[in-house]
*Asks:* 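To start, I am sharing the structure in question, which I have written as structure tokens.
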Amino acid sequence: MRIIFTLVWVCFTSQLMAQSPIILSRADFPRPTSSSPLPDSVLFTNVPIAGNSVNITTTGANSLWMMSPLVNGTTAWQNFIPMSATPLIFQLAFLSCDYAQPLLGNAGAVGNLPLSDAYEYYNYATGDSRLEIKGFGANISLSGVAVPLPALYTSPDVLYKFPIHYGDADSSVSGFSLTVPFPAPIGNVDIKRNQKRVNHVDGWGTITTPAGTFDVLRVYSVIDRIDSVITSFLPLGFASKPVEVKWVGQAKKIPVFQVNGNVNGNNVTPTSITFWGASPEGLAQTINEKSLSIFPNPSSQQTCIEYQLHADADVDMYLQTVSGKQVAEFHFQHQSAGVHQEFLPLYSLPAGVYVMRCVAGHQTVQAKLLKLD
């Protein structure tokens, strides 16, 4: 009887553990380190609003979200870049930030003024207690004239407080106020933003997307925002209420699934739908996995890397030791479909066994290389 009770208890507790919410820390999100100047590049899929619908109303404990199938998605890489990769004028305004992220399209536009060459700047607070947006830098256009706008928030916009638990709730107030000098007849323009973000971890469970099934926490964020553009001709105010619904998982760096939108009355109108990774059947083969060859191999001076592309792509090559330490990298942009040969110098490398990783499109292939004295 005792054995039966023990087995029942083990099964019961195992089921409870399987149904417990995950807890997320700073380690689950991107950040550059001294050994890796670039934090992460994460593949994601953007699906059009037309032809796709998702349910964002389900909340609470042990929820099941089904976000599949989604059709006509296009894949891209979300890049997190070091400060040094952004324009110098913005680097000076955001010296203390950990990394930046390019803003795509017209995301983050101030009022109705379009942005170009735009970057959002991220920072981890002391002790990795939170991830915050310190502001953004962009060229802002008015009457066809583009002027740099280093919009450093007076206090940060807090995305997450760590560790992240189910039921957490927090808020932050942020904004900026800048006078931007435009040429005559426009003159000086005062550009302001005031906003309040409210975050609520309102659900946990599993989510199924075209990329798979994941354990997640759901973070629902509402931002009350007012942008102002004040000129000598006319003061203009633009009120908006963006919504971010994010399903975040362990070690994914970006949300497993995300819906951005705007509040209209009692409804949310989606403006974008993205998910981590890509649908396996949606990935076309870019590089011939059997075509990567190295010759001469072994080699002491230089070697030739030959590979075949099925489609046009940027090609990145990384030479690593067998323990995974990267010792060299080579980048070949805008390579056309077909067979390519690249000659790579090996003069300064110590003798030993190395691994050459070749990345093209969504694929990585690799081969071993023996370096002689």
Side-chain angles (χ1 to χ4, degrees), residues 26 29-32 38-39 78-126 128-142 146-162 170-182 188-199 219 221-230 236-244 246 254-255 258 260 262 272:
R26 203 286 306 156
F29 296 86
R31 182 180 187 179
L38 293 179
Q78 184 157 321
N79 297 314
F80 305 92
I81 60 178
M83 298 286 293
S84 59
T86 66
L88 179 61
I89 190 171
F90 302 145
Q91 293 180 41
L92 299 175
F94 297 97
L95 285 174
S96 63
C97 291
D98 285 299
Y99 66 89
Q101 180 182 327
L103 281 172
L104 303 179
N106 206 31
V110 180
N112 287 334
L113 301 180
L115 304 182
S116 60
D117 198 20
Y119 302 86
E120 204 157 43
Y121 290 84
Y122 292 77
N123 183 66
Y124 287 91
T126 303
D128 289 335
S129 60
R130 64 182 184 267
L131 174 58
E132 55 195 26
I133 300 174
K134 297 297 287 288
F136 65 90
N139 290 322
I140 191 165
S141 297
L142 185 62
V147 175
L149 178 70
L152 177 64
Y153 290 155
T154 52
S155 56
D157 177 16
V158 179
L159 290 180
Y160 307 104
K161 288 188 175 181
F162 301 122
D170 61 79
S171 64
S172 60
V173 176
S174 57
F176 68 88
S177 178
L178 287 174
T179 298
V180 181
F182 281 89
N188 288 347
V189 177
D190 293 323
I191 301 177
K192 301 180 180 181
R193 167 170 290 176
N194 292 291
Q195 63 183 18
K196 179 179 181 180
R197 173 189 291 269
V198 178
N199 300 320
V219 182
S221 303
V222 179
I223 305 169
D224 280 302
R225 175 180 294 165
I226 298 178
D227 289 337
S228 301
V229 179
I230 304 171
L236 297 173
F238 304 90
S240 60
K241 201 167 188 177
V243 174
E244 300 169 358
K246 294 173 284 193
I254 65 173
Q258 181 165 347
N260 288 352
N262 292 296
S272 69

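Because the structure is predicted, anything quoted here is derived from the model rather than measured.
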*Asks:* For S171, which residues count as a side chain to side chain contact (heavy atoms under 4.5 Å, CB included) partner, sequence neighbours excluded?
*Replies:* K196, V198
*Asks:* Under the side chain to side chain donor-acceptor pair (under 3.5 Å) test, which residues partner N262, sequence neighbours left out?
*Replies:*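 If we apply the side chain to side chain donor-acceptor pair (under 3.5 Å) test to N262, skipping adjacent residues, there are no hits.
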*Asks:* Restricting to salt bridge (charged side-chain N to carboxylate O under 4.0 Å, His left out), what partner residues turn up for D224, sequence neighbours left out?
*Replies:* K241
*Asks:* Not counting sequence neighbours, which residues clear side chain to side chain contact (heavy atoms under 4.5 Å, CB included) with T179? List them please.
*Replies:*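 T179 satisfies side chain to side chain contact (heavy atoms under 4.5 Å, CB included) with N188, D190 only.
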*Asks:* Using 0.5 Å steps for rounding, measure from the CG atom of N123 to the CG atom of L95.
*Replies:*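 Rounded to the nearest 0.5 Å, the CG-CG separation comes out at 11.5 Å.
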*Asks:* How would you list, by chain and number, every residue that makes a side chain to side chain donor-acceptor pair (under 3.5 Å) with D170, sequence neighbours excluded?
*Replies:* N199
*Asks:* Answer yes if the side chains of Q101 and Y99 hold a donor-acceptor pair under 3.5 Å, and no otherwise.
*Replies:*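 Judged by distance alone, the side chains do not pair up.
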*Asks:* Of all residues at least two apart in sequence or in a different chain, which pass the side chain to side chain contact (heavy atoms under 4.5 Å, CB included) check with N194?
*Replies:*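 Per chain and number, N194 pairs via side chain to side chain contact (heavy atoms under 4.5 Å, CB included) with no residue.
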*Asks:* Is there side-chain contact between F80 and D98, with heavy atoms separated by less than 4.5 Å?
*Replies:*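 They are not in contact (no side-chain heavy atoms under 4.5 Å apart), so the answer is no.
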*Asks:* Could you measure the distance from the CG atom of L149 to the CD1 atom of I191? Nearest 0.5 Å is fine.
*Replies:* 5.5 Å
*Asks:* For residues P181 and V147, report the shortest heavy-atom separation together with the two atoms involved.
*Replies:* O-CG2, 4.1 Å
*Asks:* Suppose we screen for ring pair (Phe, Tyr, Trp, His ring centres under 6.0 Å). Which residues come up paired with Y153, at least two apart in sequence or across chains?
*Replies:*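 In terms of ring pair (Phe, Tyr, Trp, His ring centres under 6.0 Å), with neighbours along the sequence ignored, Y153 is linked to no residue.
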*Asks:* Under the rule for side chain to side chain donor-acceptor pair (under 3.5 Å), what residues qualify as partners of Q195, not counting sequence neighbours?
*Replies:* S174, R225
*Asks:* Might you point out which heavy atoms bring P156 and E132 nearest each other, and give the distance in Å?
*Replies:*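 Minimum heavy-atom separation between P156 and E132: CG-OE1, 3.4 Å.
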*Asks:* Flag yes if more than 12 heavy atoms outside I226 fall under 6.0 Å of its CD1 atom; otherwise flag no.
*Replies:* no
*Asks:* Sequence neighbours excluded, which residues qualify as ring pair (Phe, Tyr, Trp, His ring centres under 6.0 Å) partners of Y119?
*Replies:*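 Once residues adjacent in sequence are excluded, Y119 has no partner under the ring pair (Phe, Tyr, Trp, His ring centres under 6.0 Å) criterion.
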*Asks:* For the atom pair CG (L159) and OH (Y122), what is the distance rounded to the nearest 0.5 Å?
*Replies:*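 Reported to 0.5 Å precision, the distance equals 6.0 Å.
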*Asks:* F94: which residues meet the ring pair (Phe, Tyr, Trp, His ring centres under 6.0 Å) condition with it, sequence neighbours left out?
*Replies:* Y121
*Asks:* For S172, what residues pass the side chain to side chain donor-acceptor pair (under 3.5 Å) criterion, not counting sequence neighbours?
*Replies:* none
*Asks:* Who are the salt bridge (charged side-chain N to carboxylate O under 4.0 Å, His left out) partners of R197, not counting sequence neighbours?
*Replies:* D157, E244
*Asks:* Atom CZ in R130, atom OH in Y160: separation rounded to 0.5 Å?
*Replies:*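 OH of Y160 is found 15.5 Å from CZ of R130.
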